[in-house]
Protein chains: 2
Amino acid sequence: MGRPRGFDEQAVTAAAAGLFAGRAYDGVSVDDLVQQLGVHRNSLYKTFGSKRGLYLAALRWHLEHRLPSLTEQLAAGAAVADDPTLDLLLLAAVERAPSDVEVAALVAKAWQTLDQALQRAPATPADPPASTALNALLGERLRARAATASAGPS
Amino acid sequence: MGRPRGFDEQAVTAAAAGLFAGRAYDGVSVDDLVQQLGVHRNSLYKTFGSKRGLYLAALRWHLEHRLPSLTEQLAAGAAVADDPTLDLLLLAAVERAPSDVEVAALVAKAWQTLDQALQRAPATPADPPASTALNALLGERLRARAATASAGPS
DNA sequence: CGAGATTAGGAACGATCGTTCTTGACTGAT
DNA sequence: ATCAGTCAAGAACGATCGTTCCTAATCTCG
């Protein structure tokens with residue numbers, strides 16, 4: 001009953017995550033989302049409730065669909081240089097988590113998953129804390145991100 | 001000639017850095033700055049030119065005045081858990097640097113300084129790349145920050 | 001073929017953003 | 001004392017923010 005949806009909710013969610021991985025939360029306006037995702041304002045608000053709702057959905061989607069394969073790659077020792085999932089997590093942790101408990105919870109869960117995956121990496125002789133491997137990875141990605149300044153001041 | 005300035009420019013710069021270390025750039029409004037710093041709008045714009053000007057001044061000030069002592073502590077092996085300088089750097093690197101080449105340059109310079117300081121840390125038997133120590137430190141601070149969710153969603 | 005329901009399209013809302021302007025109070029040098 | 005120059009106080013600006021509302025267009029089902 002009623003007109004069918006003209007967009008794929010999952011595709012939109014994933015695309016939104018791409019935007020949120022590139023710029024800060026406040027740097028992505030609803031107009032940007034409407035334009036880049038090709039979905040109308042009304043549909044966005046009907047489907048996700050609010051900008052924050054879309055953000056949370058995007059974060060959740062990435063954590064659920066992309067994080068598993070990412071952890072596999074990491075556990076296999078592969079270098080994942082520019083995975084957008086890491087960027088999304090980085091931004092979520094630094095910028096959103098301190099002022100949004102729901103984001104903080106999602107980020108904490110992601111850390112947990114990644115820690116477990118990295119601990120089963122090619123064994124090190126000593127026994128480092130479970131977190132050191134992920135810390136190093138995050139630091140590395142953080143620096144790589146800071147080095148990719150593309151646009152002008154504002 | 002003229003009425004003397006009613007505030008200490010360095011103190012204001014430092015205080016502004018404190019605000020920018022706590023929230024994202026877009027999350028700190030000019031009204032916030034005016035209110036928290038106790039300096040009038042006009043004075044801020046007269047002194048720093050713009051919000052971005054104040055941000056850059058704050059970042060530069062912290063890098064020039066706080067980073068040296070921070071590197072000393074780090075080189076001495078001290079644990080600097082909650083230094084606001086690190087938070088400011090973290091936020092600058094993740095959120096501002098990708099879209100502001102000037103911030104990116106400052107951040108890169110800070111990395112360089114910290115790398116050198118950390119490489120002279122209590123010698124490790126092997127010879128890790130110069131960056132690994134800092135990477136670990138950044139990762140650690142990143143996670144600590146994400147875990148301190150205080151305020152509600154919005 | 002109509003009801004009923006849900007979408008797309010786009011204008012419009014109040015709030016807040018960064019920035020500028022106007023006015024008057026204050027200070028230091030002449 | 002006077003004048004010039006700076007600062008303080010706050011109103012005001014246009015732009016943009018996230019969100020809502022209204023009006024068709026378009027689909028499914030009886």
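A, B, ... follow the sequence lines: proteins, then strands. Residue 1 opens every chain. The structure displayed is predicted, hence computed values, not measured ones.
- In this structure, H40(B) places its NE2 atom 12 Å from C1' of dG24(C), rounding to the nearest Å.
- Residues satisfying the side chain to side chain donor-acceptor pair (under 3.5 Å) test with T85(A), not counting sequence neighbours, are H62(A), D83(A).
- Judged by distance alone, with hydrogens and angles left aside, the side-chain atoms of S69(B) form no donor-acceptor pair with the main-chain N or O of H65(B) at under 3.5 Å.
- For the contact set between residues 43-51 of chain B and DNA chain C, defined by any heavy atom under 4.0 Å, the members are Y45(B), S50(B), K51(B).
- Computed from coordinates, the N42(A) CG to dG10(C) C1' distance equals 9 Å when rounded to whole Å.
- In this structure, R66(B) has no side chain to side chain donor-acceptor pair (under 3.5 Å) partners at least two apart in sequence or on a different chain.
- Seen from the ring of Y25(B), K51(B) counts as a face-on cation partner, given the 6.0 Å and 45° thresholds.
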For a quick test of your reading: what N or O donor-acceptor pairs under 3.5 Å do the side chains of residues 9-24 of chain B make, sequence neighbours left out?
{"unit_1": "E9(B)", "atom_1": "OE1", "unit_2": "R5(B)", "atom_2": "NH1", "d": "3.1"}
{"unit_1": "Q10(B)", "atom_1": "OE1", "unit_2": "W61(B)", "atom_2": "NE1", "d": "3.2"}
{"unit_1": "T13(B)", "atom_1": "OG1", "unit_2": "E9(B)", "atom_2": "O", "d": "2.6"}
{"unit_1": "R23(B)", "atom_1": "NH1", "unit_2": "G27(B)", "atom_2": "O", "d": "3.2"}
{"unit_1": "R23(B)", "atom_1": "NH1", "unit_2": "D32(B)", "atom_2": "OD2", "d": "3.1"}

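- In this entry the distance linking CZ of R52(B) with P of dT19(C) reads 11 Å, nearest Å.
- Atom CZ of R41(B) and atom C1' of dA9(D) are 11 Å apart (whole Å).
- With sequence neighbours excluded, the residues that form a salt bridge (Lys or Arg N to Asp or Glu O under 4.0 Å) with D31(B) are R41(B).
- Contacts of residues 10-36 of chain B with DNA chain D (heavy atom under 4.0 Å): none.
- Not counting sequence neighbours, the partners of L114(B) by the side-chain contact (heavy atoms from CB on, under 4.5 Å) test are L67(B), T71(B), L74(B), L89(B), W111(B), L134(B).
- In this structure the side chain of L86(A) reaches within 4.5 angstrom of the side chain of L70(A), judged on heavy atoms.
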